[in-house]
Participant: 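Okay, handing you the structure first.
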Amino acid sequence: MPIKFLILIFMGLLFLHCCENVPGESFDPLDHVDPLIGGANRGVSAGAATSWGMVTMTPQFVADRTSAHNGDSEQYENSDEYIYGFSHTAVADPECPPSSILIMPVFGERRWRANERRYHYSLEAASAGYYKVTLAEDRIFADFTTTPRTALSRFRFQNGWAHIVLDLSQDPFGHGWVRITAPNEIVGFVEQSQLIDPGRRRLCFVAQFDRTAMGGGVFDGERLLPESVDEVTGKEVGAVFSFRTLDGNAIQVKVGISYVSIDNARLNLQTEQPSFSFALVRQNARASWEKELAKIRITGGSAEHATLFYTALYRSLLQPHIINDVNDEYPLMSDDDAVGTVKGMDRYSGFALWDTYRTLHPLLATLYPARQLDMIHSMIGMAMESGHLPNSELPAGAGPAVIVIADTYSRGLHNFDVDRAYEIMRQHAQVEESDITRHPALAQYDELGYIPYEPEPEQQLTSHARAAEQALASVAATLEYALADWTMAQMAKALGKTGDADFFNKRSQNYRHLYDVDSGFFRARLTDGAWLEPFDPSVGLYRSAQLPADGARRHASAWHGAFFVPHDMPGFIDLHGVDQFITRLQSIFANDYFDPGMAQDMACPFLFNYVEGEEWRTQKTVREVIARHFSTSHDGLPLQNNAGALSAWLVWAMLGLYPDCPASTVYQIATPFFDRIEIDLDSDRHPGASFIIETSKPSDEDIYIKSMRLNGAKLGSTLSHADLVKGGTLRIIARKNR
């Protein structure tokens, strides 16, 4: 055989061998974060921020916050024509504080009123720690970057008179005070009326300009006060600073905030941003994001999927946010203005636990355990200071906090005051130790075995638009309480409290009292035990075809939450029978009843794993759900982000792992979206250094799992958290046909 032919054969074999072993493209996390994805949805913050930062610079698209608690100012809509300002404290959940300190550049005449200072906008772009936009009419280029407790705004103007407006009137129930302390500085505070805390929270700030203003003053509503007046107090107050600019001139404004005092806001500003170096602040923000996002490194798969994944991970790290200042002071969660101090940790705020306990906190406990522990410390501190555990930091409904603490403990993170935490949890879960302000309807839940539906006396079910919602709320709350009981039982068992474990484990079966065998649904019951009639499982679907004439969205039906028994899925399957369980679960997806943004339904695509031989349906359904509901477009998220819960769901789903039951520490497995995934583990809190998932598949159509081996040993359809944090390699072989 000719030597040249042998060489060609050898080179061909070598090429094939190399192709088999060369991994796909490796993706840089920062290059694949696009904060504008899903901007048309509620609870999405597209502005500049650092991970868990107190400051988020976000454009505001409404004139005021009269609808402050429905998220309108943080959502982008195609019909939004104007930007009215840029908020320093807009966060990614509509139940958290409304934006309070707005900054806005204007050109020409002084215009401080919202409807007069608004601009059309264009050329909007964002990346991790950075946001920019052009305000069209006067060609003002605005860009922003942040540190954890400060923001830096930069505005470029044309030749003429430029003005910077600082507006504190965005909270319709708030109260503000501002004082001009120098031609280049203003200080003040706004007292936020809030669903948060037992009353108000004071947000203080110091704003400094990189040049001296040539005029301006404070305003009170419609009135711009004389320049001799340097301070003002009221509901619609702020200030205007005026400058003479040349084409391309930039004016920079740095703002430090604090929930303790103006002095602390100044200290935060001096410490985190001593100069006006936009490039340095942006570089530091980028570096901090690079560190956090690099916890997961992906190889192979499409660039679009990489962008979906890293944007979701980015959004999972925005909330809860720190609330302590650089000197470690923070506002106590109490009725007065008392101040506390943390040592060696951060204090967190902005919890929205009813959503985030399902996906976000398990993700943080796995990837960022030190942060998660600080959050547990924060929850315990809130309970000690105010008498209640947080939910959305409301003085009621502490079940989600119980779930988060128990789940964190079950994941091997014990570096908190476990005994005190358990006693606080128990106080919220025992009738004799609780009260209605901490755990509503607990007495009925304990006595009846469910939370009854109790209509208002004058309410007529046939005409009251919210009857279905209220009935569903009693069902949803019962199911949530049952899960909280089960997680409480797991922690009690681990602590050797056998009596408590038995009590809570038994009470976790209360979900059965609302299961109607005839219909196969959970249904609302009255106090006397009768089923609520009439019953229509489709009433209230969050679908445009189901909207009533007034356009109000009743966002759930009996289908939503119909499978929410994560702590006893085998028992729940027995109630249906295996065949009926699979048939009904399939129907959720076939009839378009499923949306991953519906909190109690998030686990549904993964529940096929509970029936041997049906795991392929999970592998197929997860792919279909993501293809249908997620994209890199303006409306690329379903419903709202729920303080990062939806983004964390997407992170888990694309990893091919899902924590379907808190405190069970078991992940349901689906087919990963990437060829190789390397998860860095915290060696101070986990026994392993990294966990690797390798998926071998000839093509993108190979979505069905043929076999799995963990460190060489055969694996079923689940992975334990203990095995994940030990480190090692999970190898998956996928095929085209199931």
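Note that the numbering runs from 1 along the sequence shown for the chain.
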Participant: Answer yes when Asp660 and Arg358 have at least one side-chain N-carboxylate O distance shorter than 4.0 Å, and no when they do not.
Facilitator: no
Participant: Looking only at side chains, do His560 and Gln600 share a donor and an acceptor under 3.5 Å apart?
Facilitator: no
Participant: Arg525: which residues meet the salt bridge (charged side-chain N to carboxylate O under 4.0 Å, His left out) condition with it, sequence neighbours left out?
Facilitator: none
Participant: For the atom pair CE (Met375) and CD1 (Ile322), what is the distance rounded to the nearest 0.5 Å?
Facilitator: 10.5 Å
Participant: Taking atom CG of Asp579 as the centre, report whether more than 12 heavy atoms of other residues, nucleotides or ligands fall under 6.0 Å from it.
Facilitator: no
Participant: Does the distance from a Lys or Arg side-chain N to an Asp or Glu carboxylate O, for Glu614 and Arg617, drop under 4.0 Å?
Facilitator: yes
Participant: Is any NZ, NE, NH1 or NH2 atom of the basic residue among Asp502 and Lys506 found under 4.0 Å from an Asp or Glu carboxylate oxygen of the other?
Facilitator: no
Participant: How far does CD of Gln619 sit from CD1 of Ile705, to the nearest 0.5 angstrom?
Facilitator: 4.0 Å
Participant: Once you round to the nearest 0.5 Å, how far does CG of Leu367 lie from CD of Gln372?
Facilitator: 11.0 Å
Participant: For Lys295, does the NZ atom have more than 12 heavy-atom neighbours from other residues, nucleotides or ligands under 6.0 Å away?
Facilitator: yes
Participant: Return the set of residues passing salt bridge (charged side-chain N to carboxylate O under 4.0 Å, His left out) with Arg584 (not counting sequence neighbours), or none when no residue passes.
Facilitator: none
Participant: Rounded to the nearest 0.5 Å, what separation is found between the CD atom of Glu678 and the CD1 atom of Ile296?
Facilitator: 11.0 Å
Participant: Parallel, tilted or perpendicular: which fits the ring planes of His567 and Trp486, with parallel below 30° and perpendicular above 60°?
Facilitator: tilted
Participant: Can a salt bridge be assigned to the pair Glu329 and Lys343 using a cut-off of 4.0 Å between side-chain N and carboxylate O?
Facilitator: no
Participant: Please identify each residue that fulfils salt bridge (charged side-chain N to carboxylate O under 4.0 Å, His left out) with Glu615, with sequence neighbours left out.
Facilitator: none
Participant: Compute whether any side-chain donor of one residue and acceptor of the other, for Asp500 and Tyr422, lie under 3.5 angstrom apart.
Facilitator: yes
Participant: So, Trp652 versus Phe606, ring centres under 6.0 angstrom or not?
Facilitator: no
Participant: Testing the basics here: between Pro638 and Phe630, what is the closest heavy-atom pair and its distance to 0.1 Å?
Facilitator: CD-CE2, 3.7 Å
Participant: Could you pull out all residues at least two apart from Lys497 that satisfy side chain to side chain donor-acceptor pair (under 3.5 Å)?
Facilitator: none
Participant: Are Phe608 and Trp616, when compared by the centres of their aromatic rings, separated by less than 6.0 Å?
Facilitator: no
Participant: Return the set of residues passing ring-ring contact (aromatic ring centres under 6.0 Å, His included) with His576 (not counting sequence neighbours), or none when no residue passes.
Facilitator: Tyr515, Phe572
Participant: What residue pairs, at least two apart or across chains, pass salt bridge (Lys or Arg N to Asp or Glu O under 4.0 Å) with a residue in residues 718-734?
Facilitator: Glu694-Arg731, Asp723-Lys726
Participant: May I ask you to establish whether Arg623 and Phe673 are in a cation-pi arrangement, using a distance under 6.0 Å from NZ or CZ to the six-membered ring centre and at most 45° from the ring axis?
Facilitator: yes
Participant: Determine, using ring centers only, whether Tyr409 and His414 are less than 6.0 Å apart.
Facilitator: yes
Participant: Using 30° and 60° as the class limits, which term best fits the ring planes of Tyr481 and Tyr445: parallel, tilted or perpendicular?
Facilitator: perpendicular
Participant: Can the ring centres of Phe581 and Tyr610 be said to be less than 6.0 Å apart?
Facilitator: no
